Engineer: 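I'd like to ask you about the structure that follows.
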Amino acid sequence: MNWKIEQAQQKLPELISAAVVEPQLIYNQDKLVAAVVEAQMFKEFLAWQQQHRQPSLADAFAQLRQLCAAENYTLEVPPRTDRLNPFFDNCRDISL
């Protein structure tokens with residue numbers, strides 16, 4: 001069932017009861033803003049999401065940091081020399 005946000009606020013117990021049968025969609029000015037689903041369906045979604053999650057680049061760097069810390073290894077990052085950095089070069093010329 002579709003609910004307007006005002007209806008959902010006024011009839012929260014009915015909304016929750018109806019969510020056991022089917023997802024309840026809440027709209028604010030004809031824009032979908034929320035969905036209420038039964039707890040088991042939400043748990044299944046979270047499990048599916050976890051199984052299909054692709055690791056991000058940030059995850060890879062976090063794992064690399066953990067490995068380096070465990071091995072007491074310092075990752076040396078050489079200075080960048082493949083292209084100019086005008087911002088950095090101009091900042092060196094400024095004396096503070």
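Everything numeric in this text was worked out from a predicted model, so none of it was measured.
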Engineer: Give the other cluster members for V21, using side-chain heavy-atom distances under 4.5 Å between Ile, Leu, Val, Met, Phe, Trp and Tyr residues; answer none if it is isolated.
Structural biologist: none
Engineer: Testing Q51, H52, E44 one by one against W48 for a side chain to side chain donor-acceptor pair (under 3.5 Å), which residue passes?
Structural biologist: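 Of Q51, H52, E44, side chain to side chain donor-acceptor pair (under 3.5 Å) with W48 is met by H52 alone.
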Engineer: Mind checking the SG-CD spacing from C68 to Q63? Nearest 0.5 Å is all I need.
Structural biologist: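 One finds 11.0 Å between SG of C68 and CD of Q63.
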Engineer: Flag yes if V37 and V20 sit in one hydrophobic cluster, no otherwise; membership is Ile, Leu, Val, Met, Phe, Trp, Tyr, and two members link when side-chain heavy atoms are under 4.5 Å apart.
Structural biologist: no
Engineer: Of all heavy-atom pairs between V33 and N28, which one has the smallest distance, and what is that distance?
Structural biologist: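 Closest pair (atom of V33, atom of N28, distance): CG1-CB, 3.8 Å.
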Engineer: Please round to the nearest 0.5 Å and tell me the distance separating atom CD1 of I26 and atom CH2 of W3.
Structural biologist: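 The CD1 atom of I26 sits 8.5 Å away from the CH2 atom of W3.
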Engineer: Say you draw a straight line from CD of E14 to CD of Q24; how long is it, rounded to the nearest 0.5 Å?
Structural biologist: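 Between atom CD of E14 and atom CD of Q24 there are 10.5 Å.
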Engineer: Could you grab the distance from atom NZ of K4 to atom CD of Q29, nearest 0.5 Å is fine?
Structural biologist: 10.5 Å
Engineer: Looking at D59 and R53, is there a salt bridge between them, counting it only when a charged N and a carboxylate O are closer than 4.0 Å?
Structural biologist: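 Salt bridge flag = yes for D59 with R53.
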Engineer: When rounded to the nearest 0.5 angstrom, what is the spacing between CD in E71 and CD in Q66?
Structural biologist: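 Between E71 CD and Q66 CD, I get 12.5 Å after rounding to 0.5 Å.
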Engineer: Supply the atom-to-atom distance Q10 CD to I5 CD1, rounded to the nearest 0.5 angstrom.
Structural biologist: 11.5 Å
Engineer: Evaluate the side-chain proximity of L25 to V36: yes if any heavy-atom separation is below 4.5 Å, no if none is.
Structural biologist: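 Result no, sub-4.5 Å side-chain heavy-atom pair not found.
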Engineer: Going only through I, L, V, M, F, W and Y residues with side-chain contacts under 4.5 Å, is there a path from L15 to M1?
Structural biologist: yes
Engineer: Are there more than 12 heavy atoms of other residues, nucleotides or ligands under 6.0 Å from atom CD of Q50?
Structural biologist: no
